[in-house]
Colleague: 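Take a look at this one; I'll ask things after.
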Amino acid sequence: MTLSGKTAVITGSNSGIGLGIAWELARAGADVVLNSFTDRDEDHALARQIAEETGTKARYIKADMSKGEECRDLIAQAGSCDILVNNAGIQHVAPIDEFPVDKWEAIIAINMSSAFHTTAAALPMMRAAGWGRVVNIASAHGLTASPFKTAYIAAKHGVVGMTKSVALETAQEPITANAICPGYVLTPLVEAQIPDTMEKYNMGRDEVVKKVMLERQPSKEFATVEQLGGTTVFLCSDAAAQITGTTISVDGGWTAL
Ligand code: NAD
């Protein structure tokens, strides 16, 4: 399938899942706008690499997704936005009575409110173009809970709810809004935790992955950033034109338990 002529803005895409999604959208022909809150040479180099290898236009735009105005400005600077992937996210783990208020506010802002601002700014562009796709990267934690992650769980459930509302507001237009709910995904951040966990539990890599890290993931396999990119590309395809207001789990069976 080709997404040639479409522009995709992916928030939080200088690493991990966002970067993987950007690569797959560019491989499918879309021009991509990468984003994070930093403005380093390597951020812009990632965009150059995608452009060179896929022959699409790729740019990097700095914007802090914890700030509403910068979220809206990212979309304005992109100039057009046919595909919006709300992916930026952070985590903090603590019991609710010890949860730092600044962490609560940052997680709600980056993981949830940013999607409100970017979607509000992008929908008029999608309407003008006569086509649009909103893809929110929620989580298995947008559908289920774990202890000590109140802010993350509240934000991800909020994103799932927001997705349904946006889908209803655009239901009679050629625009869809859906949420992808990944289980545990093998990102560089997760990969980096494996050696320490092996040492802590005195286990080999395979045992640590299956028994400790993927305890709740029945497949005992990580999802990959390429699979999340592929799911995003599918949601942008004509086959997915009537898929709206729903969630797609990429979680190895986590939410079936
Ligand atoms: P990651 O840390 O590699 O990526 C997070 C991205 O968000 C980075 O590009 C980071 O620079 C960006 N970001 C953070 N704060 C930002 C800010 N203020 N403004 C702009 N960008 C900001 O982690 P990841 O695992 O790739 O996570 C991506 C998304 O996927 C998150 O929303 C996360 O909650 C979700 N998710 C991840 C997993 C997993 O197992 N890795 C599972 C389910 C959901």
Side-chain angles (χ1 to χ4, degrees), residues 1-36 42-61 65 74-75 78 80-89 114-115 118-119 122 125-126 129 131-140 142 159 163 175-191 217 219 221-241 243-244 246-252:
M1 79 158 296
T2 179
L3 294 174
S4 168
K6 309 288 188 205
T7 300
V9 179
I10 307 105
T11 71
S13 46
N14 67 350
S15 73
I17 294 171
L19 182 58
I21 290 173
W23 267 107
E24 294 308 315
L25 286 170
R27 286 186 181 120
D31 295 329
V32 294
V33 174
L34 304 185
N35 153 264
S36 186
E42 55 257 49
D43 297 324
H44 295 274
L46 286 171
R48 280 197 300 277
Q49 192 191 350
I50 291 178
E52 277 162 24
E53 288 190 28
T54 63
T56 58
K57 289 187 203 119
R59 286 175 288 159
Y60 176 86
I61 299 177
M65 292 300 103
L74 167 66
I75 304 301
S80 61
C81 181
D82 306 293
I83 299 162
L84 171 63
V85 183
N86 287 305
N87 168 77
S114 68
T118 54
T119 306
M125 291 180 179
M126 294 178 183
W131 189 91
R133 294 286 187 268
V134 179
V135 180
N136 293 325
I137 306 307
S139 168
V159 164
T163 307
I175 295 171
T176 68
N178 293 288
I180 298 177
C181 294
Y184 225 144
V185 183
L186 190 57
T187 60
L189 214 73
V190 171
E191 181 70 53
Q217 199 143 307
S219 65
E221 299 280 347
F222 287 109
T224 66
V225 300
E226 290 79 11
Q227 289 162 355
L228 291 162
T231 307
T232 305
V233 169
F234 166 67
L235 285 172
C236 295
S237 71
D238 290 342
I243 299 177
T244 195
T246 193
T247 56
I248 298 190
S249 291
V250 184
D251 67 1

Colleague: Only counting residues at least two apart or in another chain, list the ones meeting salt bridge (Lys or Arg N to Asp or Glu O under 4.0 Å) with D43.
Modeller: R40
Colleague: T7: which residues meet the side chain to side chain donor-acceptor pair (under 3.5 Å) condition with it, sequence neighbours left out?
Modeller: S80
Colleague: Using side-chain heavy atoms (C-beta onward) and a distance below 4.5 Å, is L19 in contact with N14?
Modeller: no
Colleague: Testing the basics here: between V250 and A223, what is the closest heavy-atom pair and its distance to 0.1 Å?
Modeller: O-CB, 3.8 Å
Colleague: Just how far is it from atom CG of L46 to atom OG of S15, taken to the nearest 0.5 Å?
Modeller: 9.0 Å
Colleague: Nearest heavy-atom pair of G5 and D82: which atoms, and what distance?
Modeller: O-OD2, 4.0 Å
Colleague: At their closest point, which heavy atom of L34 faces which heavy atom of A22, and how far apart are they?
Modeller: CD2-CB, 3.3 Å
Colleague: Using side chain to side chain contact (heavy atoms under 4.5 Å, CB included) as the criterion, list what pairs up with T246, not counting sequence neighbours.
Modeller: N178, I243
Colleague: According to side chain to side chain contact (heavy atoms under 4.5 Å, CB included), who are the partners of E53, at least two apart in sequence or on a separate chain?
Modeller: W23, Q49
Colleague: So T118 and V9, side chain to side chain contact (heavy atoms under 4.5 Å, CB included) or not? Walk me through it.
Modeller: CA-CA 10 Å; T118 54; V9 179; over 6 Å; no
Colleague: Applying the side chain to side chain contact (heavy atoms under 4.5 Å, CB included) test to L235, which of I180, I83, V85, T176 qualifies?
Modeller: I180
Colleague: Keeping N35 on the side-chain end and G12 on the backbone end, is there a donor-acceptor pair under 3.5 Å?
Modeller: yes
Colleague: Once rounded to the nearest 0.5 Å, what's the spacing between atom CD of E24 and atom OG1 of T54?
Modeller: 11.0 Å
Colleague: Are M125 and I75 side-chain neighbours, meaning at least one heavy-atom pair lies under 4.5 Å?
Modeller: yes
Colleague: Test side chain to side chain contact (heavy atoms under 4.5 Å, CB included) on L25 and C236 and set out the steps.
Modeller: CA-CA 9 Å; L25 286 170; C236 295; 4.2 Å; yes
Colleague: Check for a donor-acceptor pair, side chain of D251 on one end and backbone N or O of A140 on the other, with a separation under 3.5 Å.
Modeller: no
Colleague: So which atom in L84 and which in A122 form the shortest heavy-atom distance, rounded to 0.1 Å?
Modeller: CD2-CB, 4.1 Å
Colleague: With E191, which residues qualify under side chain to side chain contact (heavy atoms under 4.5 Å, CB included), at least two apart?
Modeller: L186, I194, R205
Colleague: Please round to the nearest 0.5 Å and tell me the distance separating atom OG1 of T232 and atom CD1 of I21.
Modeller: 3.5 Å
Colleague: Judged by atom type as modelled, is there a donor-acceptor pair below 3.5 Å linking the side chain of R48 to the main-chain atoms of R59?
Modeller: no
Colleague: Given the rule in the side chain to side chain contact (heavy atoms under 4.5 Å, CB included) test, do V33 and I10 qualify, once you have shown the distances and angles that lead to the verdict?
Modeller: CA-CA 6 Å; V33 174; I10 307 105; over 6 Å; no
Colleague: For N86 and V134, which heavy atoms make the closest approach, and how far apart are they?
Modeller: ND2-CG1, 4.2 Å
Colleague: Going through the distances and angles, do Y60 and S36 end up as a side chain to side chain contact (heavy atoms under 4.5 Å, CB included)?
Modeller: CA-CA 8 Å; Y60 176 86; S36 186; 3.3 Å; yes
Colleague: Apply side chain to side chain donor-acceptor pair (under 3.5 Å) to N136 and T163, showing your working.
Modeller: CA-CA 7 Å; N136 293 325; T163 307; 3.0 Å; yes
Colleague: Return the minimal non-hydrogen interatomic distance between F222 and Q217, and the atom names on each side.
Modeller: CA-NE2, 4.0 Å
Colleague: Looking at NZ of K6 and SG of C81, how far apart are the two atoms once the value is rounded to the nearest 0.5 Å?
Modeller: 12.0 Å
Colleague: Any side-chain heavy atom of C181 within less than 4.5 Å of one from S249?
Modeller: yes
Colleague: Taking side chain to side chain contact (heavy atoms under 4.5 Å, CB included) as the test, write out the residues that go with A58, two or more places apart.
Modeller: V32, A47, I50, A51
Colleague: Do side-chain atoms of S219 reach the backbone of E221 as a donor and acceptor pair under 3.5 angstrom?
Modeller: yes
